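Remember, it's a predicted structure, so these values are computed and weren't measured experimentally. The basis for the numbers below is simple: all heavy atoms, side chains too, and nothing from hydrogens, waters or symmetry mates.
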Amino acid sequence: MNAMVKAEGVHKSFGPAHILKGIDLEVSPREVFCLIGPSGSGKSTFLRCINHLEKINAGRLYVDGTLVGYRQSGDKLYELKEREVAAQRRGIGMVFQRFNLFPHMTALENVMEAPVQVKRESKAVARERAQRLLDRVGLGDKTGHYPSQLSGGQQQRVAIARALAMEPKLMLFDEPTSALDPELVGEVLDVMRDLAQDGMTMIVVTHEMGFAREVGDSLVFMDDGVVVESGHPREVLTNPQHERTKSFLSKVL
């Protein structure tokens, strides 16, 4: 079975700052893959590289067996046109820390927007799916509400529904609960648990160690642009092998 995501020697720099220093990892289909580590360790940058929001400087990134952002001819890589990159991105849903909803659109309209604009779906089909997805994330009664009328947790659940509306094969979550009040975190994690049970392949950058332990299939601890330690979440969290991992976990657990 092909890996859903495969990174081979991925490097990324911003000017003189070397952020990713040779990342190698694989994520299997249906796997919940959690990334933890201190701020500035490269987790979010790596996530953004997966859908080519950031261009890598060296290495290879594959999603579902296809090279991301480039085509290879002989030994050379050629960057894809923006249109081709956009086509690749359609299969990848992304949920950010900040919900990035359109403030002038209702919850229903936010979820309908991409299928109508990008996939050229009919509004009737998009509306029916949007209603179904909002029901699924527990917001079926909030379809006519604007983002400003929703709590942070509700806005983030709309953002998850919006990402699912494109029927992605892979979901990327960039610290989806970090901007939320503590009492709202659970409602977002519950939706993510349901997605995991349904077999969605997910890469989750998170500080929620309980979620990683309970829902994750794999856990990677990153620091300073490298993978320091990886394994089953319970194993890494209860019995870390590296001093750097032990030090980090002693502060967050």
Hey, is [atom1] on [X] packed in by over 12 heavy atoms from elsewhere, all under 6.0 Å?
X    : atom1 : answer
K142 : NZ    : yes
E8   : CD    : yes
K55  : NZ    : no
K123 : NZ    : no

When hydrophobic residues are tied together by side-chain contacts of less than 4.5 Å, even through go-betweens, does [X] share a cluster with [Y]?
X    : Y    : value
V137 : F173 : yes
M209 : F221 : yes
F248 : V220 : no
V10  : M94  : yes
L219 : V252 : yes

Under 4.5 Å between any side-chain heavy atoms of [X] and [Y], yes or no?
X    : Y    : answer
L249 : L237 : yes
L35  : M222 : yes
M200 : L164 : yes
V204 : M192 : yes
L67  : L77  : yes
F46  : V205 : no
I92  : P168 : no
L195 : R136 : yes

Say you draw a straight line from [atom1] of [X] to [atom2] of [Y]; how long is it, rounded to the nearest 0.5 Å?
X    : Y    : atom1 : atom2 : value
Q72  : R60  : CD    : CZ    : 4.5 Å
M112 : Q131 : CE    : CD    : 11.0 Å
F33  : S28  : CZ    : OG    : 9.5 Å
I160 : L134 : CD1   : CG    : 11.5 Å
Q155 : L101 : CD    : CG    : 5.5 Å
S44  : D174 : OG    : CG    : 3.5 Å

Does [X] come within less than 4.0 Å of [Y], counting only side-chain N to carboxylate O?
X    : Y    : value
D135 : R132 : no
E229 : R244 : no
K21  : D224 : yes
R89  : E82  : yes
R90  : E167 : no
E54  : R48  : yes
R162 : E113 : no

Within the 3.5 Å criterion, strictly below it, is a donor on [X] or [Y] matched to an acceptor on the partner's side chain?
X    : Y    : result
K251 : S247 : yes
S41  : D223 : no
T66  : Q88  : no

**Message:** Applying salt bridge (charged side-chain N to carboxylate O under 4.0 Å, His left out), can you list everything that pairs with E84, at least two apart in sequence or on another chain?
**Reply:**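 Checked E84 against salt bridge (charged side-chain N to carboxylate O under 4.0 Å, His left out); zero matches.
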**Prompt:** Going through the distances and angles, do K12 and H18 end up as a side chain to side chain contact (heavy atoms under 4.5 Å, CB included)?
**Reply:** CA-CA 6 Å; K12 173 65 185 174; H18 197 175; over 6 Å; no
Hey, is the main chain of [Y] close enough, under 3.5 Å, to the side chain of [X] for a donor-acceptor pair?
X    : Y    : result
Q156 : G153 : no
D24  : G9   : yes
T206 : E208 : yes

**Fill in**
When every non-hydrogen atom of P103 is compared with those of P147, the smallest separation belongs to O-CD, 3.8 Å
**Message:** Testing the basics here: between I50 and V68, what is the closest heavy-atom pair and its distance to 0.1 Å?
**Reply:** O-CG1, 3.4 Å
**Request:** Enumerate the residue pairs fulfilling ring-ring contact (aromatic ring centres under 6.0 Å, His included) with a member in residues 49-92, sequence neighbours excluded, ordered by first and then second residue.
**Result:** H52-Y70
**Request:** Could you give me the CA-CA distance, side-chain angles and deciding distance for T201 and V27, then say whether side chain to side chain contact (heavy atoms under 4.5 Å, CB included) is met?
**Result:** CA-CA 8 Å; T201 311; V27 181; 4.0 Å; yes
**Request:** Would you check, one step at a time, whether the test side chain to side chain contact (heavy atoms under 4.5 Å, CB included) holds for V118 with M166?
**Result:** CA-CA 9 Å; V118 179; M166 291 294 283; 3.8 Å; yes
**Asked** Under the side chain to side chain contact (heavy atoms under 4.5 Å, CB included) criterion, do V191 and D194 qualify, and how do the steps go?
**Response** CA-CA 5 Å; V191 170; D194 288 345; 5.6 Å; no
